[in-house]
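Residue numbers start at 1 and run along the sequence shown. Quantities reported herein were computed from a predicted structural model and do not represent experimental measurements. Values reported hereafter were calculated over all heavy atoms of this structure, with side chains retained and with hydrogens, waters and symmetry mates removed.
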Amino acid sequence: YIKMIKKIYIFIVLFFIGLSTQANAYDCFFDKIKPGTTTKDFQKLGISAGGEDELGGFHGVFRSDQFCKNSEGVENIIIQLFFFKNKLAKISYESYLNDQLVLFDIVENTYKVKLEKNKAQSKKNESEIYTSTKDNNFFFYALIKNENGKIEYLEIMTNKEREKIDEYFLKMEETQ
């Protein structure tokens with residue numbers, strides 16, 4: 001009987017801990033930011049992404065709170081979106097001043113991409129780089145560690161458009 005009461009007590013405590021951590025979690029629609037999304041899709045979300053330049057592409061820089069109802073824990077994320085022919089082709093997230101690995105969490109839980117962490121690098125406090133491919137999209141994650149702290153970087157781009165994106169940026173450099 002006492003064992004049963006202990007199990008119920010532990011269950012109740014864990015349940016309320018789970019509720020309290022969910023209440024503090026960020027509430028963002030990062031899942032809507034994916035390659036292939038059109039500028040019209042972003043307009044439906046209340047985000048104006050801009051218009052094409054003479055080379056057929058454009059990019060915008062956004063703060064994470066523009067994509068969140070509650071941005072607690074993800075306040076320091078900068079999101080760069082690159083559109084090619086009015087479709088999202090490349091997404092770059094940068095996170096500074098975060099003790100948590102927010103972008104690692106986003107890639108695994110929002111985009112459902114499993115990255116195999118190198119535990120030896122993590123323990124040695126070395127920078128970490130991981131890549132993966134899912135649904136014809138390339139995912140690049142980097143955790144840069146130095147004496148000034150940590151910087152997380154996540155880049156997602158469509159494999160289909162990778163060469164065109166590179167060509168676009170080369171042409172942009174040539175015209176400047």
Side-chain angles (χ1 to χ4, degrees), residues 26-68 71 73-98 100-118 121-122 126-146 149-176:
Y26 57 88
D27 182 13
C28 304
F29 49 94
F30 295 140
D31 59 324
K32 306 288 186 210
I33 307 172
K34 56 188 172 194
T37 305
T38 66
T39 54
K40 289 182 182 180
D41 294 330
F42 279 98
Q43 288 171 351
K44 291 176 189 173
L45 299 172
I47 303 292
S48 176
E52 278 188 37
D53 61 19
E54 65 277 1
L55 299 174
F58 61 93
H59 77 281
V61 179
F62 303 91
R63 297 178 323 274
S64 55
D65 63 349
Q66 292 175 277
F67 294 94
C68 301
S71 60
V74 295
E75 303 92 348
N76 298 316
I77 296 177
I78 302 296
I79 304 166
Q80 294 183 45
L81 305 177
F82 173 72
F83 291 83
F84 193 69
K85 307 283 187 199
N86 285 321
K87 285 192 176 182
L88 187 57
K90 181 179 176 182
I91 306 147
S92 298
Y93 292 91
E94 293 180 45
S95 177
Y96 304 94
L97 307 171
N98 246 328
Q100 305 274 326
L101 299 181
V102 177
L103 298 183
F104 193 86
D105 178 61
I106 289 171
V107 75
E108 288 209 322
N109 296 313
T110 300
Y111 292 105
K112 307 294 184 212
V113 174
K114 186 70 177 156
L115 300 176
E116 296 295 324
K117 278 188 81 77
N118 183 329
Q121 276 182 313
S122 295
E126 294 176 355
S127 294
E128 303 170 47
I129 296 175
Y130 307 106
T131 61
S132 185
T133 301
K134 180 184 178 195
D135 298 331
N136 203 27
N137 293 316
F138 178 74
F139 293 81
F140 172 84
Y141 171 85
L143 174 61
I144 309 302
K145 301 173 186 175
N146 59 34
K150 295 184 232 176
I151 299 171
E152 273 187 298
Y153 184 76
L154 172 62
E155 184 174 279
I156 306 164
M157 76 173 83
T158 173
N159 281 330
K160 183 180 176 185
E161 303 288 337
R162 281 173 78 175
E163 286 183 30
K164 291 178 184 175
I165 294 168
D166 290 342
E167 287 174 21
Y168 172 86
F169 283 111
L170 283 173
K171 287 179 185 175
M172 284 295 293
E173 287 181 21
E174 290 171 2
T175 60
Q176 291 179 354

Using the test side-chain hydrogen bond (donor to acceptor under 3.5 Å, both in side chains), find all partners of Thr37 that sit at least two apart in sequence or belong to another chain.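 So Thr37 forms no side-chain hydrogen bond (donor to acceptor under 3.5 Å, both in side chains) with any residue.
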Name all residues meeting the side-chain hydrogen bond (donor to acceptor under 3.5 Å, both in side chains) criterion together with Thr38; count only those two or more places apart in sequence or in a different chain, and write none if there are none.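 Partners of Thr38 under the side-chain hydrogen bond (donor to acceptor under 3.5 Å, both in side chains) test: Asp41.
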Quick one: list whatever passes salt bridge (charged side-chain N to carboxylate O under 4.0 Å, His left out) with [X], sequence neighbours left out.
X: Arg63; value: Asp65
X: Lys112; value: none
X: Glu155; value: Lys90
X: Glu167; value: none

Approximate separation, where rounding is to 0.5 Å, of [X] [atom1] and [Y] [atom2]:
X: Leu143; Y: Tyr153; atom1: CG; atom2: OH; answer: 14.5 Å
X: Asp135; Y: Thr158; atom1: CG; atom2: OG1; answer: 10.5 Å
X: Ser92; Y: Ile156; atom1: OG; atom2: CD1; answer: 8.5 Å
X: Phe62; Y: Ile91; atom1: CZ; atom2: CD1; answer: 11.5 Å
X: Ile33; Y: Ile106; atom1: CD1; atom2: CD1; answer: 8.5 Å
X: Lys44; Y: Lys32; atom1: NZ; atom2: NZ; answer: 10.5 Å

Asn159: which residues meet the side-chain contact (heavy atoms from CB on, under 4.5 Å) condition with it, sequence neighbours left out?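 Here the qualifying residues are Thr133, Asn136, Phe138, Arg162.
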Taking the side chain from Lys134 and the backbone from Tyr111, do they hold a donor-acceptor pair closer than 3.5 Å?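 Here the side-chain-to-backbone pair exists.
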Test your reading of the model: is there a side-chain donor-acceptor pair from Ser64 to the backbone of Val74, 3.5 Å cut-off?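 Yes; judged by distance alone, with no hydrogens or angles, the pair exists.
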Checking side-chain polar atoms at under 3.5 Å, does Tyr141 have a donor or acceptor matched by the opposite partner on Glu128?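 There is no such pair between these side chains.
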Would you say Glu94 and Ile151 make side-chain contact, with heavy atoms under 4.5 Å?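 Heavy-atom side-chain distance check fails, nothing below 4.5 Å.
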What pairs meet the salt bridge (Lys or Arg N to Asp or Glu O under 4.0 Å) rule with one or both residues in residues 100-109, with sequence neighbours excluded?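 Found Glu108-Lys114.
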With sequence neighbours excluded, tell me which residues meet ring pair (Phe, Tyr, Trp, His ring centres under 6.0 Å) with Phe29.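 In terms of ring pair (Phe, Tyr, Trp, His ring centres under 6.0 Å), with neighbours along the sequence ignored, Phe29 is linked to Phe67.
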Under the ring pair (Phe, Tyr, Trp, His ring centres under 6.0 Å) rule, collect the residues that match up with Tyr93, sequence neighbours excluded.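 Phe30.
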